[in-house]
Amino acid sequence: MAYSDLQDFISALEKAGELKRISVPVDPYLEISAIANRIMSEGGPALLFDNVVSQKNFGANHASGANNASGAKNPGQQYPVAINLMGSEKRMAMAVNAGSLDAKAAEISGLIEWAWSFAKDFNPFTAIPQALPKVPQALSFIPHKKNHPICQEVIDDESGFDSLPVLTCWPKDGGPFLTLPLVCTQDPENLRRNMGMYRMQVYDSRTAGMHWHIHKDGAHNFSKYVKSGERMPVAVALGCDPAVIYASTAPLPEGVWEMLFAGFLRGRGAGVCKATLSDLLVPADAEFILEGYVDPLETRIEGPFGDHTGFYSLQDEYPVFHLQRITRRKNPVYPATIVGIPPKEDCWMAKATERLFLPLLKQLCPEIIDLSMPFEGVFHNCVIVSAAKRFPGQARKVMNFLWGMGQMMYTKCIIVVDEEVNPHNYSEVAWRAFNNVDGKRDIVLSDGPLDALDHSSPLPRYGTRIGIDATRKGPGEGHTRPWPDPLAMDKSVEDMVSRRWKEYGF
């Protein structure tokens, strides 16, 4: 069953023994992040901080060297803070309403295979009767409007960002950051809706940086307002059903509304409502909605920020979000995460992307068997893919296919191994790569777009990617010598050893 909202998910985690409540006073200035960093590194539970103290009090006491033990709070900063809610494979699977990520991937694979077969062998006399039973299910995924949304139980024109327990995550951060904002925008020309996750640095009670990259749909929508010179309406949702949160990060095709994908993940359509200051549709069951605008003529320095790469991302000019109104539920929970040196919560969100989008990649590029995105590659810096080779150069075909697939264009290193190699066994992958690669023949250099957060390329957002063909080679690829078989014990002897293992004293 789909969760009704974030707090429903929190309750489910608590019942499953996956959440720990912390009632002692904690501060959103560095302290919550330090606790979460340790918990995430140890693979620990989700956390709910019930007693969050004032940033200002901590800052003053911290500067004077005093120990902040009073637990004093600012009015309005008494919202609980939830963090690491999706910080394990189990919790991430719960978030998308599945027993495991691979089970959800199998569901997606079945849907893709049915759709492909339907389109390939279309016969109206047989296809339409077969499709009719699936129509009600497909319609159930569509977002539906709610007339009395909980996200508008309270409408507040007075409070600003300083009423929220916004985290300062790392010591050299440029300030506090919203780290799980779902930014809702709309293309003014074709009216396509978008919901993306872009961090937001809080400058003061009414303004924040809008960190959308030029490759993202939010920035593409914004470019239309830059041309017209008009202010862009923007609404930011904080705290939703976890499937909605994850959907905002998913690498969907351009123009596909993330709320539709969330409906599929939930098994039923997500609720939406019209914002109070614009025609934007926002998640109806959000804990908070921040309504405002971005002025196309205004930018401001944003950053540094301790980012998912494990380094501080550099300062740069970004648009500014102006907060006009906060709407919220009566007793909301403030959602947050931290990113940094893996593993962190966002690694498991990336793992969900790896598993859930693999069936689509396999349909489009049938030689792909499996792929893995190591945590150390921070999503987009490394992809290991096993492929079934039938002809010379097929590993390079796979590389170029992946570099041409949406956000996979950012992938700095692609390693292709043979189909029998497990891409999730990094020791086996390293053994194959270190032994199978000839530098001149098997290294591919490809110039193209890179993520805006990449600090290693000489130019921002553009550089050279590397492909490594670690598959076995034949004469068609210039290898005229015999290729040796890997070592493998005789299976009959292995079976005998297994049967007699205890007799050997082990």
Side-chain angles (χ1 to χ4, degrees), residues 89 100-103 105-106 108-109 342-343 347-348 350-405 408 410-446 465-495 497-498:
E89 185 163 7
S100 69
L101 294 178
D102 283 333
I108 293 173
S109 180
C347 291
W348 295 106
K351 181 59 66 173
T353 296
E354 172 199 297
R355 304 323 297 163
L356 300 187
F357 284 83
L358 176 62
L360 177 61
L361 295 177
K362 292 174 70 173
Q363 189 67 52
L364 297 174
C365 186
E367 52 264 69
I368 291 178
I369 303 299
D370 196 2
L371 64 80
S372 176
M373 300 162 61
F375 287 174
E376 295 78 5
V378 296
F379 317 164
H380 47 71
N381 282 347
C382 182
V383 171
I384 303 166
V385 55
S386 57
K389 283 178 60 177
R390 303 191 311 275
F391 52 80
Q394 197 162 5
R396 297 192 179 213
K397 173 183 179 291
V398 171
M399 295 175 195
N400 289 317
F401 164 79
L402 293 175
W403 278 322
M405 286 297 296
M408 295 199 80
Y410 303 142
T411 307
K412 293 177 65 175
C413 179
I414 296 177
I415 303 171
V416 184
V417 293
D418 289 304
E419 60 183 303
E420 71 273 13
V421 179
N422 178 5
H424 306 280
N425 184 336
Y426 302 141
S427 176
E428 182 180 11
V429 171
W431 166 59
R432 295 277 184 151
F434 297 161
N435 283 277
N436 284 1
V437 171
D438 175 82
K440 185 176 181 179
R441 179 192 62 203
D442 299 328
I443 304 297
V444 177
L445 299 180
S446 170
R465 306 161 302 195
I466 186 171
I468 301 173
D469 180 359
T471 62
R472 68 176 64 86
K473 310 300 183 305
E477 294 171 306
H479 193 86
T480 56
R481 296 192 297 154
W483 194 273
D485 293 327
L487 298 181
M489 190 60 67
D490 183 272
K491 188 178 184 306
S492 62
V493 177
E494 282 281 16
D495 291 343
V497 168
S498 297

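Model, not experiment: these values are computed from the prediction.
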>> When you measure from the side chain of Ser498 to the backbone of Glu494, do you find a donor-acceptor pair of N or O atoms at a distance under 3.5 Å?
In response: yes
> Do you know the tightest heavy-atom contact between Pro342 and Val378?
Replying inline: CG-CG1, 3.8 Å
> Roughly how far apart are Arg355 CZ and Thr353 OG1, rounded to 0.5 Å?
Replying inline: 11.5 Å
> Between Asp442 and Arg396, is there a side-chain N and carboxylate O pair less than 4.0 Å apart?
Replying inline: no
> Only one of Ile466, Val383, Asn381 forms a side chain to side chain contact (heavy atoms under 4.5 Å, CB included) with Thr411, so which one is it?
Replying inline: Val383
> Any side-chain heavy-atom pair from Arg465 and Ile414 closer than 4.5 angstrom?
Replying inline: no
> With side chains defined as the heavy atoms from C-beta onward, is the minimum distance between Asp370 and Val385 less than 4.5 Å?
Replying inline: no
> What are the two closest non-hydrogen atoms of Val421 and Ser386, and how far apart are they?
Replying inline: O-CB, 3.6 Å
> Just by distance, do the side chain of Asp490 and the backbone of Ser492 share a donor-acceptor pair under 3.5 Å?
Replying inline: yes
>> Does atom CZ (Phe434) have a neighbourhood of more than 12 heavy atoms from anything else shown, all under 6.0 Å?
In response: no
> If you measure from NZ on Lys473 to CH2 on Trp483, what distance do you get to the nearest 0.5 Å?
Replying inline: 5.0 Å
>> Ignoring hydrogens, what is the shortest heavy-atom contact between Arg432 and Pro486? Give both atom names and the distance.
In response: NH2-CG, 4.1 Å
>> As an exercise, state the distance from CG of Leu371 to CD1 of Ile415, rounded to the nearest 0.5 Å.
In response: 12.5 Å
>> Nearest 0.5 angstrom please: Cys347 SG to Phe375 CZ, how far?
In response: 5.0 Å
> Among side-chain atoms of Asp102 and Ser100, is any donor-acceptor pair under 3.5 angstrom?
Replying inline: no
> Of the non-hydrogen atoms in Pro374 and Tyr426, which two are nearest, and what is the gap between them?
Replying inline: CA-OH, 3.4 Å
> Could you state the interatomic distance from SG (Cys382) to NZ (Lys412), rounded to the nearest 0.5 Å?
Replying inline: 11.0 Å
> Got Val497 and Met489 here, is their nearest side-chain heavy-atom distance under 4.5 Å?
Replying inline: no
>> I'd like to know whether Asp469 forms a side-chain hydrogen bond (donor to acceptor under 3.5 Å, both in side chains) with Thr471, so could you lay out the CA-CA distance, the side-chain angles of the two residues, the decisive distance to 0.1 Å, and finally the verdict.
In response: CA-CA 6 Å; Asp469 180 359; Thr471 62; 2.5 Å; yes
> Given Leu358 and Ile368, is the side-chain contact (heavy atoms from CB on, under 4.5 Å) satisfied, shown in steps?
Replying inline: CA-CA 9 Å; Leu358 176 62; Ile368 291 178; 4.1 Å; yes
> Would you call Lys389-Glu477 a salt bridge at under 4.0 Å N-O?
Replying inline: yes
> Under 4.5 Å between any side-chain heavy atoms of Glu428 and Val417, yes or no?
Replying inline: no
>> Please give me the minimum heavy-atom distance between Ala105 and Pro359, naming the atom from each residue.
In response: O-CG, 3.5 Å
> Say you draw a straight line from CG of Leu360 to CD1 of Ile108; how long is it, rounded to the nearest 0.5 Å?
Replying inline: 9.5 Å
> Are Lys351 and Glu354 within salt-bridge range, i.e. N to O under 4.0 Å?
Replying inline: yes
> What's the shortest heavy-atom distance between Trp403 and Gly467, and which atoms?
Replying inline: CH2-N, 3.8 Å
